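Reviewing the structure listed below.
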Amino acid sequence: MVRFSCAAARRPVAVSAFALATLIASPAWADAMPAEPASLYPADALGEGSVSGGYALSRWAEDWRSKADPDNRDDLFDRLKYLPLDADGDIYLTLSGEARVRVNYTTNLNLRNAGSQRQDINRLVGGADLHVGPHLRFFGEIAHGGISGDNIGTPSGSLRNDLVLLQSFAEVKGRVAGMDLGLRYGRQEFTDGPNLLTSQRDNNTIRYALNGVRAWARTGRLRIDAFDFKPTALGNGGAGDDRVEQGRRFSGLTAGIRLPERALGGSELYLDPFFWRLRTSDALWGGVSGRVERFYAGARLWGEVGPVNLDWTVNHQFGDFDGRTINAWQFFFQQSYKLPGHLPMAPRIGFHADYASGGGTFEGGTLKAAYAPFGNNIYYSYQLCMTPTNLKTLAPSLTLSPLKGVKATMEYQFAWRADENDAVYRANKSIFAGTQSVPGHKIGESIRAQIIWSITPRLSFTGRYEHLDAGPVLSRAGYGNSDYLAGWLSFRF
């Protein structure tokens, strides 16, 4: 018996692997499915994260079948990517792992004379992907997170965790009537949407995972995914204290349209409309606790048009919070342009311009403050002092490749409040206390820089630096400047 956590139930549901395998192998399924139901829709656009050099952030998105051929293996780790368990190689196991060591240093913690913080962090992850023929698979992943340092307070389960069952799911897939169909059930990462709305939150030691079901149908130019999830509430101890969070539920539909390549004179563009619902039984907002049901209706246009890379998202949020109407908006526009190839260091210039509505948090009436379900919290601030709620930003950027395998990005960000009567929001709905009571719009300016060195396909180093210059809103409420410096080394196989 293989045990998975179900988002729609209050206790784990036992799934018989043998029974499921028997169903998939039955004649009705066998007649409908070819031996190799490869997805028709482009792999990088499936809402499962991009794959680079064979590696993906969600390791189940990788395909290592090429390693069945000994000529395609370079070392012992390549051998672990394809371990046949039967004579024909139809049943095989893929092993994966990661070791990451990291140091974070932040001055003026929380922007209010809280001293400096140093975090010494380690992460160990191990995964196994069992393929039972072309239509059935089981994936499991465990992780450990450790942290020490200075002024670290009481670390959450996403920073310190002795052992967590990070992911555990069963998946069935195949092709019927020219469509790729699939269903994935259990604990899993989910990123089918804009990075600012859905993210694994890789900045944390333990990434974000949910429990439930995801189903899809895909053709060459269209796809649709349906899902119903509940988050994992992480403890700090062993795998037994990580539970399904019953009071929070995230469900909806995300579609995908592959636009014709001839659009705009030659492009690779995707339009992903979505309709989601986020329900929380006891949410805290502006000091008030109550039930919230928030709907997201929007679309994402992303891809490349010649030398231009773009990622645009618009969404309208509506619903109810503790008897009050929700009416909020978010607009995210990120784009970059690759300069002519004869220039040294392959320069790319760009900018992002974003808007997230605010208002209604403290004065009552309609709640206009936007909120991201579980987006990327470091997108605006490595100090976690900005989030897409009551926020406007403009940030020009420059990316260079000074050496082979090295990419450096520099950005200068301006940030303002969208509504002067609402607070400055940090990550996860928390606010900088008192900012709702001071005048002004400007939050501050940030100098941001990052360098990534891909030492080998498996080994990489990342360095980040940020200086936040507090603007009038923060300084009037008693907050100040902050610097952030981090570096980490990651090894994956």
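From a predicted model like this one, the values you see are computed outputs, not experimental measurements. Every heavy atom of this structure was used, including side-chain atoms; hydrogens, water molecules and symmetry mates were not.
- Here CZ of R100 is found 9.0 Å from OG1 of T462. Values are rounded to the nearest 0.5 Å.
- With sequence neighbours excluded, the residues that form a side-chain hydrogen bond (donor to acceptor under 3.5 Å, both in side chains) with D225 are R214, R223.
- Taking F351 as the reference, nothing meets the ring-ring contact (aromatic ring centres under 6.0 Å, His included) condition, with sequence neighbours excluded.
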Between side-chain atoms of residues 485-493 and protein atoms elsewhere (two or more places apart, or another chain), which donor-acceptor pairs fall under 3.5 Å?
none

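- Under the rule for a ring-ring contact (aromatic ring centres under 6.0 Å, His included), F332 has no partner lying at least two apart in sequence or in another chain.
- How far CG of N211 is from CZ of R187: 4.5 Å, rounded to the nearest 0.5 Å.
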Can you give each donor-acceptor pair under 3.5 Å made by side-chain atoms of residues 400-412, sequence neighbours left out, with the distance rounded to 0.1 Å?
| from | atom 1 | to | atom 2 | distance (Å) |
| --- | --- | --- | --- | --- |
| T409 | OG1 | T399 | OG1 | 3.2 |
| E411 | OE2 | R448 | NH1 | 2.9 |
| Y412 | OH | E445 | OE1 | 2.5 |

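- The aromatic rings of F250 and F227 sit tilted relative to each other, their planes meeting at an angle between 30° and 60°.
- In the model, D422 has a side-chain atom that pairs as donor or acceptor with a side-chain atom of T361 under 3.5 Å.
- Taking the six-membered ring where tryptophan is involved, the planes of F374 and Y208 are essentially parallel, since the angle between them stays under 30° and well short of 60°.
- Between Y379 and H352, the angle of the ring planes lies from 30° to 60°, which puts this pair in the tilted group.
- Checked by atom type, the side-chain pair T393/Q413 shows no donor-acceptor distance below 3.5 Å.
- Sorted by first and then second residue, the ring pair (Phe, Tyr, Trp, His ring centres under 6.0 Å) pairs with a member in residues 427-457 read F432-Y479; sequence neighbours excluded.
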